[in-house]
Amino acid sequence: QVQLVESGGGLVQAGGSLRLSCAASGSISSINRMGWYRQAPGKQRELVAAITRSGSTNYADSVKGRFTISRDNAKKTVYLQMNSLKPEDTAVYYCNVEVFVRDIWNPTNSWGQGTQVTVSS
């Protein structure tokens, strides 16, 4: 019902920047929350940043001041601007959205396919 297409991952040197994009599609009535998670090898998936329908944002302590989450409601797209990247930021980054879809009362949570971000030292 909801499809997420991620892009923007890649290989970058420490101190560099990347911008991730995640476009949602499907029978979406409204978007309640959009966010980014990441998972490094051998580690649990963790929240990186999220933005609610009101525009409130939340960031992991490890990325505060370096990453910025934003959205384009018209395009149903969420972005993650990542600056001053560190090797420890290396992970697969997953887009996650909580949306309301047509004819369904409860929100639906969907995950993107993941995009690899590798930061070299």
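Just so you know, these numbers come straight off a predicted model, no measurement behind them.
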Original post:
Within a strict 4.5 Å, meaning less than it, do heavy atoms of the L18 and F67 side chains meet?
Top reply: no
**OP:** Please tell me if the side chains of R38 and D89 come closer than 4.5 Å, counting only heavy atoms from C-beta onward.
**Re:** yes
Original post:
Side-chain contact, heavy-atom cut-off 4.5 Å: N96 with R33?
Top reply: yes
**OP:** Flag the pair T90 / Q116 as yes when at least one side-chain heavy-atom distance between them is below 4.5 Å, and no otherwise.
**Re:** yes
**OP:** Please report the closest heavy-atom contact between A50 and L47, naming both atoms and the distance.
**Re:** CB-CD1, 4.1 Å
Subject >> Straight-line distance of I31 CD1 to K76 NZ, nearest 0.5 Å >> reply: 6.5 Å
**OP:** Ignoring hydrogens and angles, tell me if any N or O in the side chain of R102 forms a donor-acceptor pair with the backbone of S27 under 3.5 Å.
**Re:** no
Original post:
Is the closest side-chain heavy-atom distance between I104 and Q1 below 4.5 Å?
Top reply: yes
**OP:** List in chain and number order the residues that pass salt bridge (charged side-chain N to carboxylate O under 4.0 Å, His left out) with E88, two or more places apart in sequence or in another chain; answer none if no residue qualifies.
**Re:** none
Subject >> Non-hydrogen atoms of G114 and Y94 that approach each other most closely >> reply: CA-CD2, 3.5 Å
Original post:
Tracing side-chain links under 4.5 Å among I, L, V, M, F, W and Y, which residues wind up in one group with Y79?
Top reply: none
Original post:
With sequence neighbours left out, what residues match Y37 under ring-ring contact (aromatic ring centres under 6.0 Å, His included)?
Top reply: W111
Subject >> Distance (rounded to the nearest 0.5 Å) between T57 OG1 and M34 CE >> reply: 14.5 Å
**OP:** Considering non-hydrogen atoms only, spot the tightest contact between Y59 and T68 and give its length.
**Re:** OH-CA, 3.4 Å
Original post:
If Ile, Leu, Val, Met, Phe, Trp and Tyr residues are connected whenever their side-chain heavy atoms lie under 4.5 Å apart, and connections chain through other members, are V92 and V63 in the same group?
Top reply: no
**OP:** Rounded to the nearest 0.5 Å, what's the gap from NZ on K75 to SG on C22? Could you check?
**Re:** 14.0 Å
Subject >> Any donor-acceptor pair under 3.5 Å from Q113 side chain to E6 backbone >> reply: yes
**OP:** Quick one: closest heavy-atom pair of V78 and S70, and the distance?
**Re:** CG2-O, 3.2 Å
Subject >> Euclidean distance, L20 CG relative to W36 CH2, rounded to 0.5 Å >> reply: 4.5 Å
**OP:** Can you see which heavy atom on P87 is nearest to which on S121, and at what distance?
**Re:** CG-CB, 4.0 Å
Subject >> Pairwise distance OG1(T52) to CD1(I69) - rounded to 0.5 angstrom >> reply: 10.0 Å
**OP:** Specify the closest pair of heavy atoms between T77 and S21, including all atoms of both residues, with the distance to one decimal.
**Re:** CG2-CB, 4.5 Å
Subject >> Non-hydrogen side-chain atoms of I28 and V97 separated by less than 4.5 Å >> reply: no
